[in-house]
Amino acid sequence: MRHFGFPVAPEQVSGFMQAVTLLGPRSMNDIHEAALATLAPPPDRRDEFEAHFQSHFYGSTAAVVEGDSDEETRIKDDGGASDEASEVVRQEEGGELASSAERLSARDFQRDGDGLTAFRRKLSAALPARRSFRTVRTHARGKLDLRRSLREIVSADGDIPSPLLRRRQIVPRKLLMLIDVSGSMKLHTSGYLKLAHAAVQGADRAEIFTFGTRLTRITSALRIRDRDQALARVAALVDDWDGGTRMGPTLLAFLSVPRFSAFARGAMVVILSDALERGDHAELEMAMRRLSARAFRLTLATPLAGDPRFQPATSALRAILPVLDDLVDGSSIAGLTEFILSLARPAPAAAAIWKRVS
């Protein structure tokens with residue numbers, strides 16, 4: 001199903017296997033019903049699903065429509081086996097610098113200093129905080145820890161000198177960075193990945209993905225302390241360096257995997273991209289609205305904003321501007337580090353700022 005463009009998450013695969021086990025299975029109909037219930041093919045593709053089911057289990061190939069692998073948004077998870085969950089995307093025209101054509105290539109990153117030591121040291125304390133549902137012991141300004149207090153009363157023969165309290169922990173919010181590695185962002189990719197490595201090293205909970213024509217999770221590779229080794233691992237993981245871009249479909253593919261979309265819930269989401277979406281931007285607008293609904297703060301950092309004459313004038317930028325919390329300059333690593341360290345401070349919405357500027 002993934003090969004033919006059905007978005008199937010790893011959790012759905014395990015659910016399908018568990019459903020088959022619970023049903024026996026006593027017949028092929030049990031397997032068919034388990035697949036419908038857990039893999040959830042879209043209603044408009046039900047006939048196609050039936051054809052693939054017949055082909056896989058009965059060997060019937062007459063009704064199978066071959067998928068075009070060049071039009072699939074493939075997902076790679078560096079935490080384990082690669083997930084090639086995909087969504088069918090359209091080849092579209094428009095955009096002078098951007099392309100949706102897939103081109104697979106490799107990258108080699110130059111070894112140099114990054115100047116991000118201070119950023120790594122300050123990041124964890126600078127991120128916005130939230131109250132966790134986990135609690136810790138406290139001596140004041142907390143709620144009564146009834147279970148622990150009762151144990152103390154029993155051990156002290158009915159006497160307890162002072163109430164025992166607990167309070168909810170204060171933890172930094174997650175940081176999620178989505179980095180555009182398409183050809184139009186080639187000049188900035190190296191700097192962005194060095195920034196991402198510093199973020200993973202400095203924050204307790206940071207997640208990093210790259211996207212172009214494919215979506216790749218690179219967090220585990222960036223956890224390697226040595227930056228050069230980490231970037232070498234990333235270079236081997238990512239397949240779509242300097243190729244085309246399908247921003248809308250890749251973000252929708254990210255949201256289609258429950259484990260990935262959970263990373264965005266309550267997080268500071270920073271998208272590093274020029275947002276030069278080709279043709280129809282409906283998928284990009286849908287993905288950004290869904291991300292905005294999950295995220296605590298949604299930021300688009302575009303290097304195009306480094307030009308003093310820049311305005312969010314493209315149809316794609318005008319469509320997503322109302323759901324953005326920030327639209328900032330992404331042309332300078334120094335400026336990006338300063339912005340990320342200021343995320344805990346409130347700021348006007350992106351639409352209000354750019355309305356005043358224009």
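The analysis underlying the following values was restricted to heavy atoms, covering all of them including side chains, and did not include hydrogens, waters or symmetry mates. Computed from a predicted model, the values in this text were never measured in an experiment.
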Find the distance between CG (Leu116) and CZ (Arg121) and round it off to the nearest 0.5 Å.
11.5 Å
Using modelled atom types and a 3.5 Å cut-off, is there a donor and acceptor pairing between side-chain atoms of Ser342 and backbone atoms of Arg345?
no
Glu50: salt bridge (charged side-chain N to carboxylate O under 4.0 Å, His left out) partners, not counting sequence neighbours:
Arg46
Considering all heavy atoms of both residues, which atom of Ala199 and which atom of Ala206 are nearest to each other, and what is their separation?
O-CB, 3.9 Å
Check whether Ser292 reaches the backbone of Arg289 with its side chain - one donor and one acceptor, N or O, closer than 3.5 Å.
no
Decide if atom CZ of Arg233 counts as having more than 12 heavy atoms of other residues, nucleotides or ligands within a radius under 6.0 Å.
no
Nearest heavy-atom approach of Ala198 to Arg120 is O-CG, 3.3 Å
Who passes salt bridge (charged side-chain N to carboxylate O under 4.0 Å, His left out) against Asp325, sequence neighbours left out?
none
Name every donor-acceptor pair, under 3.5 Å, that has one atom in a side chain of residues 128-135 and the other anywhere in the protein, sequence neighbours excluded.
{"unit_1": "Ser132", "atom_1": "OG", "unit_2": "Arg134", "atom_2": "N", "d": "3.0"}
{"unit_1": "Thr135", "atom_1": "OG1", "unit_2": "Arg166", "atom_2": "NE", "d": "2.8"}
{"unit_1": "Thr135", "atom_1": "OG1", "unit_2": "Arg166", "atom_2": "NH2", "d": "3.4"}

Given side-chain hydrogen bond (donor to acceptor under 3.5 Å, both in side chains), test Ser182 with Asp180 step by step and report yes or no.
CA-CA 6 Å; Ser182 63; Asp180 187 344; 2.8 Å; yes
When rounded to the nearest 0.5 Å, the distance separating CZ of Phe263 from CG of Leu178 is 11.0 Å
Should the ring pair Phe53 and His32 be called parallel, tilted or perpendicular, given that the plane angle runs from 0 to 90° and is split at 30 and 60?
perpendicular
With side-chain contact (heavy atoms from CB on, under 4.5 Å) as the criterion, how do Ile340 and Thr299 come out once you've worked through the C-alpha distance, each side chain's angles and the decisive distance to 0.1 Å?
CA-CA 10 Å; Ile340 293 173; Thr299 298; over 6 Å; no
Quick one: does Thr38's side chain have a donor or acceptor within less than 3.5 Å of a partner on Ala34's backbone?
yes
Closest heavy-atom pair and its distance - Ser273, Met185:
CA-CE, 3.8 Å
For Ala35 against Pro41, the heavy-atom pair lying closest together
O-CD, 4.4 Å
State which residue, out of Val181, Thr216, Asp240, Ile271, fulfils the side-chain contact (heavy atoms from CB on, under 4.5 Å) condition with Phe211.
Ile271
If I take atom CE from residue Met286 and atom CG from residue Leu255, how far apart are they, to the nearest 0.5 angstrom?
10.5 Å
Verdict with supporting geometry, Leu144 and Leu164, side-chain contact (heavy atoms from CB on, under 4.5 Å)
CA-CA 6 Å; Leu144 179 65; Leu164 303 176; 5.5 Å; no
Measuring from Thr250:OG1 to Met247:CE, what's the distance to the nearest 0.5 Å?
7.5 Å
May I ask you to decide if Leu327's main-chain N or O and Trp354's side chain share a donor-acceptor pair within less than 3.5 Å?
yes
Co-membership, hydrophobic cluster, residues Leu127 and Val171, 4.5 Å side-chain
no
Residue pair Pro10 / Arg259: nearest heavy atoms and the distance that separates them:
CG-NH2, 4.4 Å
Honestly curious: do Leu321 and Val323 fall in one hydrophobic cluster under the side-chain, below-4.5 Å linking rule?
yes
Excluding sequence neighbours, so at least two apart, what forms salt bridge (charged side-chain N to carboxylate O under 4.0 Å, His left out) with Asp307?
Arg309
Report yes if some heavy atom in the side chain of Asn29 is under 4.5 Å from a heavy atom in the side chain of Glu33; otherwise report no.
yes
Measuring from atom CG of Leu231 to atom NZ of Lys194, what distance do you get when rounded to the nearest 0.5 angstrom?
7.5 Å
If only atom types and distance count, is the side chain of Arg173 paired as donor or acceptor with the main-chain N or O of Gly266 below 3.5 Å?
yes
Pairs where residues 202-212 contributes a residue and the test side-chain hydrogen bond (donor to acceptor under 3.5 Å, both in side chains) is met, not counting sequence neighbours
Glu207-Arg217, Glu207-Thr219
Using atom types as modelled and distance alone, determine if a side-chain donor or acceptor of Gln12 lies under 3.5 Å from a backbone N or O of Ala9.
yes
Atom CD of Gln169: over 12 foreign heavy atoms under 6.0 Å
yes
Got more than 12 heavy atoms from elsewhere within 6.0 Å of CE, Met28?
yes
Consider only side-chain heavy atoms of I, L, V, M, F, W and Y, link residues closer than 4.5 Å, and tell whether Phe296 and Met177 are in one cluster.
yes
How long is the straight-line distance from CG of Leu276 back to CG of Leu304, given to the nearest 0.5 Å?
5.5 Å
Is there a side-chain contact (heavy atoms from CB on, under 4.5 Å) between Phe6 and His52? Walk through the geometry before answering.
CA-CA 11 Å; Phe6 289 85; His52 294 313; 3.7 Å; yes
Return yes if some donor-acceptor pair links the side-chain N/O of Gln201 with the main-chain N/O of Leu222 below 3.5 Å, else return no.
yes
Is the Phe209 to Phe260 ring centre distance short of 6.0 Å?
yes
Between Ala253 and Ser256 the two heavy atoms that sit nearest each other are O-OG, 2.7 Å
If hydrophobic clusters are built from ILVMFWY residues whose side chains come within less than 4.5 Å, do Tyr58 and Leu36 share one?
yes
Report whether Ile224 and Val200 are members of the same hydrophobic cluster (ILVMFWY, side-chain heavy atoms less than 4.5 Å apart, transitive linking).
no
Residue list, salt bridge (charged side-chain N to carboxylate O under 4.0 Å, His left out) with Arg297, at least two apart or on another chain:
Asp326
Residue pair Asp274 / Ser184, side-chain donor-acceptor N/O under 3.5 Å:
yes
Does some side-chain heavy atom of Leu195 sit less than 4.5 Å from a side-chain heavy atom of Phe119?
yes
Given Ile333 and Tyr192, is the side-chain contact (heavy atoms from CB on, under 4.5 Å) satisfied, shown in steps?
CA-CA 7 Å; Ile333 297 300; Tyr192 287 169; 3.9 Å; yes
Look at Arg137 together with Asp145 and state whether they make a salt bridge at an N to O cut-off of under 4.0 Å.
no
